[in-house]
4 protein chains.
Amino acid sequence: MTTAVRRGRPRNAAVDVAVVETVLRLLEEGAGVGELSMERIAREAGVGKATVYRRWPGKEALLLDVLRSLEADLQTPEPVGESVRDDLVLMLEFLRRRGLAKRSSAVLRAVITEIRSHPRLWRAYQDTVVQARREAVYEVLRRGMATGEIRADLDPELLADLFVGPMLARAVLREWQELPGGLAERIVDAVLDGVRPH
Amino acid sequence: MTTAVRRGRPRNAAVDVAVVETVLRLLEEGAGVGELSMERIAREAGVGKATVYRRWPGKEALLLDVLRSLEADLQTPEPVGESVRDDLVLMLEFLRRRGLAKRSSAVLRAVITEIRSHPRLWRAYQDTVVQARREAVYEVLRRGMATGEIRADLDPELLADLFVGPMLARAVLREWQELPGGLAERIVDAVLDGVRPH
Amino acid sequence: MTTAVRRGRPRNAAVDVAVVETVLRLLEEGAGVGELSMERIAREAGVGKATVYRRWPGKEALLLDVLRSLEADLQTPEPVGESVRDDLVLMLEFLRRRGLAKRSSAVLRAVITEIRSHPRLWRAYQDTVVQARREAVYEVLRRGMATGEIRADLDPELLADLFVGPMLARAVLREWQELPGGLAERIVDAVLDGVRPH
Amino acid sequence: MTTAVRRGRPRNAAVDVAVVETVLRLLEEGAGVGELSMERIAREAGVGKATVYRRWPGKEALLLDVLRSLEADLQTPEPVGESVRDDLVLMLEFLRRRGLAKRSSAVLRAVITEIRSHPRLWRAYQDTVVQARREAVYEVLRRGMATGEIRADLDPELLADLFVGPMLARAVLREWQELPGGLAERIVDAVLDGVRPH
DNA sequence: TATTAACCGAGACGGTACGTCTCGTCTTCGA
DNA sequence: TCGAAGACGAGACGTACCGTCTCGGTTAATA
């Protein structure tokens with residue numbers, strides 16, 4: 001197999017950075033996603049419109065990359081392995097902190113909201129970023145079933161939703177408004193123990 | 001205080017219906033929210049653009065009404081009162097069926113996605129439609145705490161999220177793709193019993 | 001026969017004028033036709049781009065109208081009928097003055113040059129404005145043949161070119177640079193008398 | 001004076017030819033001048049854009065060269081010297097044939113039209129190609145005055161226009177549509193004899 | 001019964017953004 | 001150093017939609 005010979009002037013990597021940073025800056029300055037236009041992005045980034053379209057087929061794809069660049073800043077937590085309970089707390093705590101992170105807070109919700117409007121991109125985001133985190137949760141749950149810390153008679157997918165769902169319900173649906181510290185522990189313990197008195 | 005005297009030709013109520021129905025039709029035909037324009041809505045409804053703007057200040061407000069008209073079709077279930085467990089199943093089952101309902105399936109997600117982009121409308125939707133359902137869940141949970149069917153040491157708000165969150169995670173975030181029958185029972189029972197072996 | 005009912009807001013006639021005047025102003029300010037863009041014309045006329053395109057399908061059609069508006073300012077001379085020789089002088093003199101007219105001088109040549117690049121418009125211009133003047137010349141020549149002032153054995157079309165061609169050669173091809181007074185008389189008399197000594 | 005030392009890879013003369021030929025081909029295929037872009041010319045010639053710009057400063061200069069290459073194919077006729085009348089016919093006949101020539105017909109009008117839009121180039125073209133032919137006409141006319149075949153009381157420049165103008169009026173202004181054989185003779189004889197009966 | 005004010009559809013209006021194209025320049029690689 | 005390939009900033013292209021406005025015409029309550 002041969003690599004295709006690259007010809008012509010190579011793309012300027014600084015442009016990619018400049019564009020993404022410009023989008024982040026505009027969002028941080030409070031611009032709604034609807035107020036973002038390719039026209040304006042290119043203008044403020046000091047870049048030709050065609051140069052933007054050469055890299056991204058449209059606004060949505062650009063925003064997907066912006067979203068990915070945001071996610072990249074926050075590294076996914078590595079399960080410690082001590083106890084399944086602690087690992088689950090770790091993972092939910094990551095979700096909570098992501099929603100409160102410095103840059104993210106305003107930007108993340110705006111970008112995600114936009115991406116959601118575009119099924120294809122939303123799926124791409126799910127399949128890459130989200131699915132990876134989902135797999136990590138499955139892994140922890142499977143370990144829990146093996147060690148006996150988790151009931152083995154439940155569907156792993158359902159199990160994952162039992163832990164992650166409550167946090168997401170607060171974070172995504174209710175706009176990250178109330179994500180107090182300790183929320184992760186409270187969710188994990190309640191789901192583990194059940195809410196029926198015993 | 002006197003009511004302002006309405007003079008001149010009264011508004012044609014059929015226009016409101018025609019516009020909302022047109023939006024629903026277009027969404028059912030698979031139009032993304034981005035492809036919906038006031039221009040097109042008015043054209044396809046056979047109505048003047050100004051007539052639409054006379055009734056709704058913008059696309060978002062119109063969509064909020066469309067959303068409300070959808071919700072109105074599905075009446076919220078009345079708690080039976082036999083057992084707390086059955087009432088919770090009833091409520092989650094309503095969420096599940098709403099996501100699969102004929103009209104809703106395609107339309108609901110599109111409209112909600114759009115409304116989400118407009119904080120003011122999203123709050124209006126939350127405060128009217130969603131909060132009502134939320135209160136119903138709180139009521140059932142409070143009853144459960146009183147009868148001893150539910151632990152009384154947990155925050156009712158957290159409790160509500162424990163039950164509703166997993167269903168919403170599947171419904172809204174994963175696009176209503178997998179909402180098998182019996183899902184409501186499985187969630188309720190798992191949360192009640194806990195996922196730790198005993 | 002019924003006149004079609006005019007519906008909707010009627011077009012603002014002032015817009016047509018504003019646009020044409022803007023083009024003329026820009027050309028007078030020395031803008032080459034190549035530097036004229038619909039974008040700029042609309043901007044400087046304080047008019048929406050779509051409004052321009054609603055009236056003219058493109059830049060060329062607009063320029064054709066600009067050209068016609070210029071021609072309209074200079075009324076075609078009416079043959080006096082005294083002598084064929086004087087009428088021919090009158091008509092050539094009109095061509096000469098047109099090329100030197102205040103507005104025309106800079107503008108006319110620019111617009112004509114542009115129109116020439118678009119065969120369809122050039123033909124439209126020829127068929128309307130030019131052909132009318134051509135017919136007037138034929139009429140005078142036919143009269144001359146009838147009265148015996150002009151040889152009857154020559155093709156009228158060729159005859160017209162004999163008189164008009166020399167003036168046009170100077171005006172159009174050599175950019176109206178040398179159009180001295182008395183040129184019309186000199187051409188007409190030379191063609192009438194012939195350039196062979198007798 | 002020293003000749004600058006040429007270093008590096010010498011220019012490939014075949015490129016110049018390829019580019020000019022490509023322009024001719026595109027024009028022959030009916031492309032309007034407006035549809036010609038440097039981008040397209042370079043692409044179709046299989047040549048880099050920079051290579052074109054290294055040789056010509058812009059589209060107009062390139063077209064000027066194309067025009068010159070066309071003129072070079074048709075050699076200017078040499079006056080025979082038998083009679084002034086025959087030499088004038090010879091020269092007008094050259095103009096007529098040029099307008100009907102295989103390649104020229106479509107191309108010449110397109111290129112000339114374009115060149116006309118650029119005063120500097122138009123002047124360059126006038127000063128080189130056209131002026132040469134003009135001088136030849138003057139020469140013949142001067143000879144005619146000396147031999148008494150032409151009236152000596154007329155401005156030579158006006159005289160030249162009397163002969164050349166009618167042919168150009170048909171050729172350039174009316175798009176070479178009607179240039180029948182014998183037209184040169186008819187023009188020359190009519191101008192010589194005059195159009196007044198005697 | 002006649003007036004009148006708000007309604008209706010249509011569509012023009014000044015703007016703005018879309019995604020594509022061409023401009024002339026710049027930057028790389030391989031010959 | 002050349003030629004090709006193609007990226008680059010700039011900005012025009014023609015279209016679509018925004019929300020407002022202005023027409024002629026309709027419709028009901030008021031006078």
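Below, chain A is the first sequence line, B the second, and so on; all start at residue 1. As the structure is a prediction and not an experimental result, all values here were calculated from the model.
- For dG9(F), one of the phosphate oxygens OP1 or OP2 lies less than 4.0 angstrom from a side-chain nitrogen or oxygen of T51(A).
- For dG11(F), the OP1/OP2 oxygens have no side-chain nitrogen or oxygen of S37(C) closer than 4.0 Å.
- Looking at L26(C) and E35(C), their side chains never come closer than 4.5 Å, going by heavy atoms from C-beta outward.
- One atom, CG of L36(D), and another, P of dG24(E), lie 13 Å apart when rounded to the nearest Å.
- I41(D) places its CD1 atom 17 Å from the C1' atom of dA4(F), with the value rounded to the nearest Å.
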Hey, mind stepping through D65(D) and R55(D) against side chain to side chain contact (heavy atoms under 4.5 Å, CB included) and telling me if it holds? CA-CA 11 Å; D65(D) 265 15; R55(D) 287 165 159 81; over 6 Å; no
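- Where G8(B) and P57(C) each meet DNA chain F at their nearest nucleotide, the meeting point lying more 5' is that of P57(C).
- Taking for each of R54(D) and G46(B) the nucleotide of DNA chain E with the nearest heavy atom, the 5'-most of the two is the partner of G46(B).
- Here dC13(E) presents its C1' atom at 12 Å from CD of E39(B), a figure rounded to the nearest Å.
- Atom pair N12(C):CG and dA10(E):P shows a separation of 23 Å (rounding to whole Å applied).
- Between the CG atom of D16(D) and the P atom of dC2(F) there is a distance of 13 Å, given to the nearest Å.
- Contact annotation: R11(A) side-chain N/O to dG6(F) OP1/OP2 distance is not under 4.0 Å.
- Atom OH in Y53(B) sits about 17 Å away from atom C1' in dC8(E), given to the nearest Å.
- For R40(D) and dC23(E), the shortest distance from a side-chain N or O to OP1 or OP2 is not below 4.0 Å.
- For R40(A) and T22(A), the side-chain atoms include no donor-acceptor pair closer than 3.5 Å.
- Mapping A45(B) and A50(D) onto DNA chain E by nearest heavy atom places A45(B) at the nucleotide closer to the 5' end.
- For dC8(F), one of the phosphate oxygens OP1 or OP2 lies less than 4.0 angstrom from a side-chain nitrogen or oxygen of R55(A).
- For dT26(F), neither phosphate oxygen OP1 nor OP2 lies less than 4.0 angstrom from any side-chain nitrogen or oxygen of R9(B).
- Closest-nucleotide positions on DNA chain F for G58(B) and K49(D) were compared, and the one nearer the 5' end corresponds to K49(D).
- In summary, E39(C) and R43(C) do not engage in a salt bridge, as defined by a charged side-chain N under 4.0 Å from a carboxylate O.
- Within 4.0 Å of V47(D), counting heavy atoms only, lie sugar-phosphate atoms of the nucleic acid but no base atom.
- With hydrogens and angles left out, the side-chain atoms of T51(A) and R11(A) include no donor and acceptor closer than 3.5 Å.
- Close to dA5(F), at under 4.0 Å from its OP1 or OP2, lies a side-chain N or O of R7(A).
- Summarising the geometry, the separation between CH2 on W56(C) and P on dC13(F) is reported as 15 Å, rounded to the nearest angstrom.
- Counting to the nearest Å, the P atom of dC23(E) and the CD atom of E60(D) are 10 Å from each other.
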